[in-house]
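As a basis for the values below, the full set of heavy atoms in this structure was taken, side chains included, without hydrogen atoms, waters or symmetry mates.
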Amino acid sequence: MTASAASWLPLSPGERSVAIEVLLAGPLSRTELARRLDLSAGSLTRLTKPLIESGLLIEVPEAGGPVEVRQGRPSQPLDVVAESRSFVGYKITEDMVYGVVTTLRSEIVARYDRPLTTHEPAGVVALLGEMTAELAASHPRLAGIGIGVGGLVEDRAVVGESPFLQWRDVPLAELVEERTGLPVVVENDVAALVEAETWFGAGRGLDRFVVLTIGAGIGYGLVLGGKRVPYAEEDRGFGRHWILNPNGPLTPEGARGSAVSLLTIPNIRYQVRAATGRDRSYEEILEFAAAGEPMPARVIEEAAAALGVLVAQIANFVLPQKILLAGEGVGLMDVAGATVADTMRAHRHPLAAPIDIETKVSDFHDWARGAAVLAIQVLVLGAMDA
């Protein structure tokens, strides 16, 4: 495999801003593009001309409505060729590697998963190399690789700490880049998901945006000024210290009544198992709760109330334009969404603006897509610290 270019063509700051705006919001007419970037028609023409000549931007047919007339001739909207490059995203779990190939706009065009049979860094890197080689055979225009890992990641390159892989200070990006010849970026998996939703998903175009993930753990991501805010506790279990109900359950993972104790799938299953003596899947617990079986219903009701408190606290202090609830555990909203909503209202000012909440049940391919967006950012922005 030969290394692809690590960034778009050398672009001036103005050209790059035009290209990124079209990537994230296109197709866009020249009038709309000039308005968004506060450019004159002449400045926009100067900036877009080399982008069109290089093939980075193209003119596309108007999707309904009148064609814009510019300087006496019809003008078609500008767009990028999303299929011009492909990107690989990997989500590494304790026992699997989930892989996707995406376009430049992060649309998933292929999925490819393999069991993870070793946690030795050399074995994991070998598996990622094999998977990338197979994907490159059917997607020859690969431009980069993004990897999402549960744990602390430093400089988008080194896995400083990953409890489930039992890694410390593993230079994963360097090792995979040496193996594949492609640019590689590594990030905490929640951070990668937040980046993907900020660029191409629920948070696109928003100034203040929050992602809250519920699943095996609790993940939190904050976007201010359109950019993700990094923080030291990222994926270091801060949810164990976020107390939602001091009289809540005491579980193997998390302080009494913490977000982790009340909301994570393993602890919800633990509570039901401890009370009934039966081990049930999360999906079964939701089904039994919806059917009114007392113990599952009580556990899910307590979880829903805790989620309502948590969302209300976030809204009260961050004032986000939108909160995205994601992860494998948000099926809770289908069963007890009314309790979540009632609890949220009880913990907010009566005149507070309604919270725009979007829910998204994410599978591991969504997390892998988030990792691919990291590689897209590196290509587009030309920097690892995108």
Side-chain angles (χ1 to χ4, degrees), residues 1-4 85-103 106-153 156-168 170-193 195-196 213 215-217 219 235 265-266 281-282 326-328 361-376 378:
M1 250 177 286
T2 58
S4 299
R85 301 286 182 89
S86 296
F87 301 83
V88 177
Y90 293 120
K91 158 67 173 171
I92 303 176
T93 71
E94 190 171 7
D95 56 4
M96 289 287 293
V97 174
Y98 295 87
V100 299
V101 178
T102 78
T103 68
S106 84
E107 297 107 338
I108 295 175
V109 296
R111 293 172 171 82
Y112 181 41
D113 311 329
R114 290 275 296 273
L116 186 64
T117 57
T118 177
H119 289 172
E120 287 297 320
V124 176
V125 170
L127 177 60
L128 293 173
E130 292 170 8
M131 294 176 70
T132 303
E134 293 186 39
L135 290 170
S138 53
H139 300 85
R141 289 179 289 187
L142 295 184
I145 299 171
I147 303 172
V149 179
L152 178 67
V153 178
R156 289 198 159 186
V158 177
V159 180
E161 180 182 8
S162 180
F164 73 92
L165 290 175
Q166 299 180 331
W167 283 3
R168 292 189 70 88
V170 174
L172 186 60
E174 178 184 348
L175 295 173
V176 176
E177 189 163 330
E178 289 176 354
R179 175 70 183 238
T180 64
L182 288 167
V184 179
V185 58
V186 182
E187 185 57 276
N188 167 266
D189 52 4
V190 175
L193 183 66
E195 295 284 3
T213 65
D235 208 62
I265 290 175
S281 70
Y282 183 66
E328 315 92 87
V361 179
S362 306
D363 65 15
F364 287 120
H365 294 113
D366 290 309
W367 296 86
R369 170 182 172 264
V373 171
L374 301 173
I376 294 173
V378 170

Please indicate whether Glu178 has more than 12 foreign heavy atoms, meaning atoms of other residues, nucleotides or ligands, lying under 6.0 Å from its CD.
yes

Worked verdict on Glu174 versus Arg156 for salt bridge (Lys or Arg N to Asp or Glu O under 4.0 Å)
CA-CA 11 Å; Glu174 178 184 348; Arg156 289 198 159 186; over 6 Å; no

Return the minimal non-hydrogen interatomic distance between Asp113 and Tyr98, and the atom names on each side.
OD1-CA, 3.4 Å

Contact between Val97 and Lys91 at the side-chain level, heavy atoms closer than 4.5 Å - yes or no?
no

Using the rule given for side chain to side chain contact (heavy atoms under 4.5 Å, CB included), can you reason through Leu165 versus Ile92, listing the C-alpha separation, both sets of side-chain angles and the distance that settles it, and then say yes or no?
CA-CA 9 Å; Leu165 290 175; Ile92 303 176; 4.1 Å; yes

Rounded at 0.5 Å granularity, tell me how far CD1 in Ile145 sits from CE in Met131.
10.5 Å

If you look at every heavy atom in Ala375 and Gly146, which pair is closest and at what distance?
CB-N, 3.9 Å

Compare every heavy atom of Ala196 with every heavy atom of Gly370, then report the nearest pair and how far apart it is.
CA-CB, 3.6 Å

With a 4.5 Å limit on heavy-atom distance, are the side chains of Val176 and Ile147 in contact?
yes

Would you find a donor on one side and an acceptor on the other, under 3.5 Å apart, between the side chain of His119 and the backbone of Glu94?
yes

I'd like to know if Glu134 and Arg114 make a salt bridge, using a cut-off of under 4.0 Å between side-chain N and carboxylate O.
yes

Between atom CG of Leu152 and atom OG of Ser162, what is the distance when rounded to the nearest 0.5 Å?
9.5 Å

Quick one, His139 with Arg85, criterion side chain to side chain contact (heavy atoms under 4.5 Å, CB included). Give me CA distance, side-chain angles, the key distance, then yes/no.
CA-CA 9 Å; His139 300 85; Arg85 301 286 182 89; over 6 Å; no

Could you grab the distance from atom CZ of Phe364 to atom CE of Met96, nearest 0.5 Å is fine?
9.5 Å

So CG of Leu172 and CD of Glu187: to nearest 0.5 Å the spacing works out to 12.0 Å

Any carboxylate oxygen within less than 4.0 angstrom of a Lys/Arg side-chain nitrogen, looking at Glu107 and Arg369?
no

From CG (Leu128) to CG (Leu116), nearest 0.5 Å
8.5 Å

Using modelled atom types only, decide if a donor and an acceptor are shared between the side chain of Asn188 and the backbone of Gly151 within a distance under 3.5 Å.
yes

Heavy-atom closest contact (Asp363 atom, His365 atom, distance):
OD1-N, 2.9 Å

Minimal non-hydrogen separation, Ala372 against Phe87, with atom names
O-CB, 4.2 Å

As a quick check of understanding, evaluate side chain to side chain contact (heavy atoms under 4.5 Å, CB included) for Val158 and Val153, giving each step before the final call.
CA-CA 6 Å; Val158 177; Val153 178; over 6 Å; no

As a quick check of understanding, evaluate side chain to side chain contact (heavy atoms under 4.5 Å, CB included) for Ile265 and Glu328, giving each step before the final call.
CA-CA 8 Å; Ile265 290 175; Glu328 315 92 87; 4.1 Å; yes

Can you find a heavy atom in the side chain of Val100 that is under 4.5 Å from one in the side chain of Val88?
no

Please give me the minimum heavy-atom distance between Ser106 and Ile376, naming the atom from each residue.
N-CD1, 3.9 Å

Do Leu175 and Val170 make a side-chain contact, defined as non-hydrogen atoms from C-beta onward lying under 4.5 Å apart?
yes

Are the side chain of Ser86 and the backbone of Leu142 linked by a donor-acceptor contact shorter than 3.5 Å?
no

Distance in Å, Trp367 CH2 paired with Thr213 OG1, rounded so as to fall on 0.5 Å steps
4.0 Å

Expected output: side-chain Tyr90 to main-chain Thr132 donor-acceptor under 3.5 Å
yes

